[in-house]
Each structure stands twice: as C-alpha cells, then as structure tokens.
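Note sheet for the following structure.
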Amino acid sequence: MSNTSENPNPSSSSAKMTLKTSDNELFEVEEAVAMKFCTVKQYFEDEKDSDVAARGSTTVIPLPNVHSAVLTMLISYGKKLPQSNAVADNHEEEETKKKERKKYEQGLLKNLMPGELLDLISAANYLDFKEGLEFFNQALADHIQNKSVEYVRKFFGIKNDYEPHEEEKYREEYAWAFEGIECWLIGELKQFMAKTKTLDIAGTLLGIKPALIVASFSVRGLNSLDSNILKPEMIAPGENILAAWINAIGPTGLDSNT
Amino acid sequence: MLISSTSMMSHYVPLELINRILLRLPVKALIRFLCVSKEWSALINSSNFTKNQLSHSIETNSNRTLILKETYINRPLQSRFFSVPYSDNDQFGKAVQIYQPLHNWDILDYCHGLVCLLFYKYKEKEDIVIWNPLIRKYRKLPMEPIDEPESSCDSFSRFGFGYDPSNDDYKVVRIAEFYEGPVLMDFFEVKVYSLKSQCWKKIEKQLPIKEIWSMQSVSLNGAFHWIVEQDDRLESILAFDLANEKFQLFRKPLNEGMPILDVLGGCLCFMGVVEETYSDFWLMKEYGDESSWTRIYKIEPGAVPWNIDYFKPLLFSKNGKKVLMEEVSLFWYDIEKKRGKMVKNQSFPKRFKTATCIGSLLLLDGDCVIDLTQKKNKRKR
C-alpha cells in the first residue's frame, strides 16, 4: 500500500467511535466512516461543544432507530466510499477504484431482498448518510420501475383509496404506461425463486406400473438450442391444470381470453 | 440473510422518503404509479415534483431520449416519429415508433423534454404544437393572426421555441416579415406565446435590423438568436431576451462560409459552412462575451466519407471528446482524431431529423396523443 493514501495525521485516521444500535449491539467504527453519517457527526460535534473530556473512544453514540444488521451493511458500504481525507489518486487509480466499487455495489444488491432496501433507506435517512441514501434510493427505484401498481402498493403498504371506476379511468387514459409490466404475482414468484435451488439427480425408477404416458398435446422433438436434449425437458404429472391470470393480460394474448 | 422479519415491508413509509425514490423513476413508471393512491397522484401531479424531477434528470444526465422524425421525400405525410433511449455511456437503444399529435409536422426546436412541432406553409396560417413525446401529451397553440401593415402585403414568418428561466416558462416566438410584391418592408411583427399563460402577446419594440437570415431561431439562456443583416450590410447575431424583452447584437466569430447558429454543450454554437470544403465550429464559451468565441473543431475533406455540408451538432459524448452530429442519419465526430463515424443502428429509419429529449412530466395536464393503432384495437364497450 502506498504511503500517499495515508492521512498525514495518523492518530485521527485510526480514531474510532462507538455506536449503539436499537438491539443494544455496540459497533466500533473508524471516525472517517462514522462521520459520513451526518447525524453521528452532529452528535459528536455537540458532545465536543459540551466539553466532554474524552473524545470518541469512550462516548457511545446511541442509534435507537437502527438495527445492528442494517448498521453492518451501511458501515460496510461507507467503508467502500472514497475517503474525504485521502490524497487524490492519479486518473488510473481512480478508474480502478471506481470499477471495484461498481463491482462491490452490484454484488451487494444481488444479495439484498427488496424489503431490506426499505430498511436501509430508512436507516440511512435517520443517519443522514447522503451517499448511502443516494445509492439505495437509486437501487430501489431501479427495482420498482417496471413493477405493477399492485406490487408497489403491497411493497409500500399503501391502501388503494381509488374507486374502481376512477382507477379504470387512469388505466384507460394511460394504457401505454401499463404495457410490458410484469404481473405482481410473477414478481413475487421471481423473488421467491431467486434463492438458489439445485436439482440433484435422484435416480431412475424402474418397474412402475402402469407406465406414465406423456400427453398427446405435449411438445416432443429436439430442443431448439441444443439438439442433444429432447423435449419435454422436464415434466410432472397432470393434465387439466388450473392456472390463474389477471384480467388485463390473458394467457394467450388473445382478446377472447381477457 | 440479515434482517429480522419484524422489520420487513408493511410498515408505513413516510412520503418524504417515497418522494426521493420517485424522483429517480423513468416517466413511464411515474405515469403508471399515478393510480397507486390519491396521495401518490397528488405528489406526482404537483408542479414542485415536476420541477424537481426535471432538475434531477438534468443533473444526473439520465432519462435521455432522442426523438427522430423520418424525412421521407416521397411520402411526407406518412413520415413517422421514433423515440430512442440514450444511455449514460453513449449507447443507443432500439428505436420505437411513437405517435405525433394530430397530423404531420416538422420539428421546430426542443427543450427539457418538450418538442415544439410546426406545420407551416408560406402564405398560410401556421399550426404549432408543444409536445411531450415521452408522456404522450401535447398542447396546440391557439391561432394568432398577423397584424399586416397593409392588406396588399404578403407575410413570411419565422419561429423559435425555448425556455425562459426567469419565469420558468416555455415560449414560442413568431417574427413576421412583410413583402410588398418582391420588396421586403422594414417592419417586423414579433409575437410571443407563453405556455404558462397559454396566450400570445405582441412585442412592441422594433427589431434593430434589416433582414433575418436564419430560418428558425436558436434558444439559449432565456433568449432567442438569429443570424441577421443590419442596415450597413453587416451580418451579426441577434439575441432577443424573453424576460426583459430586449434585443442585443453579437459579432460573428467568422466572416467566411454560410453562417448557421445552434446550441451545443449549453453554449451558443456558430458554424461557418462552405459546401464540400469545410464546416467550422465555434462556441461562445462565456455567453454574452464576444471575445470568448473559440473554435472547437473544423471538419475538412477526408474527415468524413461523405459530402461536407451543414451538419447539425446535437451533443457531446460523456467524455467530451466526441460530438454527435446529424447528417441524414447520425454520426460521432471524434475531435482529436478528426474523424467521423456513422452510428449503426438497425432500428433507425434511413433518413431523419433529430431532437434530444429528457424524460419529464411537463404538460401532464395537456391533451393526450391518440395512438392510432391502439384506437383500432380497442374493444367496443
């Protein structure tokens, strides 16, 4: 690690602050990171003014609105941000750092459930953590931008106070804005399925009587992408399966099905 | 993964937090979410939100789209409009056809996500429409008569569209010049339409010039600009400030070539064009300061594999090293390498004119553009 990225005053860069969460967990955080939480910064500065003898290391700053799990994530995000007291890197180093940060951010979002985003935003708002707010707000906006109205209501816990005919009027007038939006059920399913599942080969069962027959209407033949695979790739028993769909979009896209 | 189930979802989210999330959404989503609840509808419809959303888009350079108008020499009445999303890293998405309000128009000018369309034939009354293509709303301007000095006069109008920051208003200007037979009279009529007040107003001041050369004005910093000829045959740039309704004259940076004005990178751009020879681009880096005219590049033979002519500059690339320009289709001109390269995109029409657009909720209270294909497919109730 090069010397230039170290603060010329080593004692202040390694100064730590203690934060206490709503579930009574204590976090020791570097001052540089904790200062990004403006609420903490304000508290710290107020403490300084009120003439407290020992700084930072013995004062415990209470955060009654923030859960430890949320704080962990916000601190880890805060650490990845460019430090305000660091000496400016040359252009190449800056680009590399930017790419690293982007990769970290993508990884972070991949593992987050959308509901957790709301908690992070709430906490970042309470802590007045500007960079965190910016990032998580954008992440949540990206998540809901192609979602249906029903999904958004459920997500934010909003009650629909429109009369059916009022809502219908909006949907007709702005029909184009409702095109290509995934049904909220599918959204929920996708979220549920996002948890990794692995299929293991259980084995081949022999001697089952009567032998199961593939229905006459099921597709057979070569898989269009890989002709080594024969259709049907995966089957389960059952014929007259009842499936649900929302009124606006029928299963076949034909007018007769809506 | 981490957070206990007691902290999940259904707790009430304060509107202030929701506001900040909504600001970051594309306009299609915002329109859809109008019917989430009455509170959301009131928020999204509010003029404050429109303003903030537009500022946020401009600051973060997001929600950008190009509007293309097909120029089809054979069938002008059937030329189509398309919208093309344009991302932060200078990539173009797929062109999607969109429907213009009412009938066939030319693009007059554009600003902040509003496109002003004009239908004008000499000696006929013009039709002007201000359109927000991304939310499919428009407002047609009311007819405004031209006060001709004498009934024997013919008039010819030139138009402009732009933003007036001191009044937070969008304005259309019409300057009518008059002919007695072939002779140009020394009298102009200037009228301005305000989108806020939805009416025309006459400007009583007279233009300090002999003749206007530009076909349409270029708007920047709350002022309209034209290339004009003054009484002593001197060609200059005339600026008309919308807020204080004053005229000002600027010196051109060049005297050679056909003079053309445009806006590039937020600055007034002057081009001197000599067909098949060169196209010289200058920017007025400090608005109002004539000494700040700076040449940014000059396109010369060999730089582009087609005839050098007037190419409209549209915008800078993210790193500022290239300029997107329009020549029948689009091309990027690399300033350092002095080379132009066509933008290849299968979904673009062959020949078109371009407007740049930012997703905004301006004109949300306007009239809806009827999508003709949707109208056909609509079920009878």
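Residue numbers begin at 1 in each chain, while the letters A, B, ... track the order of the sequences. FYI, side chains are in, hydrogens and waters are out, and symmetry mates aren't considered; it's all heavy atoms of this structure.
Judged by distance alone, with hydrogens and angles left aside, the side-chain atoms of K69(B) form no donor-acceptor pair with the main-chain N or O of A355(B) at under 3.5 Å. Of the possible polar contacts, one joining the N345(B) side chain to the G93(B) backbone as a donor-acceptor pair under 3.5 Å is found. A donor-acceptor pair under 3.5 Å links the side-chain atoms of S317(B) to the main chain of K322(B), judged by distance alone. Here the side chain of R80(B) pairs no donor or acceptor atom with the backbone of I98(B) at under 3.5 angstrom.
Interface remark: N125(A) contributes side-chain atoms only to the contact with chain B (heavy atom separation under 4.5 Å). For a residue to count as touching a neighbouring chain, one of its non-hydrogen atoms must lie under 4.5 Å from one of that chain's; by this rule K159(A) touches chain B with the backbone only.
Heavy-atom pairs under 4.5 Å with chain A were tallied for L34(B), I135(B), V36(B), I31(B); the largest tally goes to V36(B). Counting heavy-atom pairs closer than 4.5 Å to chain B, the top residue among D161(A), V152(A), N160(A) is D161(A). Of the residues considered (S41(B), S37(B), P14(B), A29(B)), S37(B) shows the highest number of contacts with chain A, using heavy-atom pairs under 4.5 Å.
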Quiz prompt | salt bridge (Lys or Arg N to Asp or Glu O under 4.0 Å) assessment of R136(B) paired with E173(A) | solution = CA-CA 10 Å; R136(B) 310 194 188 188; E173(A) 189 178 345; over 6 Å; no
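Among the residues in residues 128-135 of chain A, those with a non-hydrogen atom closer than 4.5 angstrom to a non-hydrogen atom of chain B are L133(A), E134(A).
A139(A) approaches L109(A) most closely through the heavy-atom pair CB-CD2, 3.5 Å.
Taking the six-membered ring for Trp and the full ring otherwise, the centers of W176(A) and Y99(B) sit at least 6.0 Å from each other.
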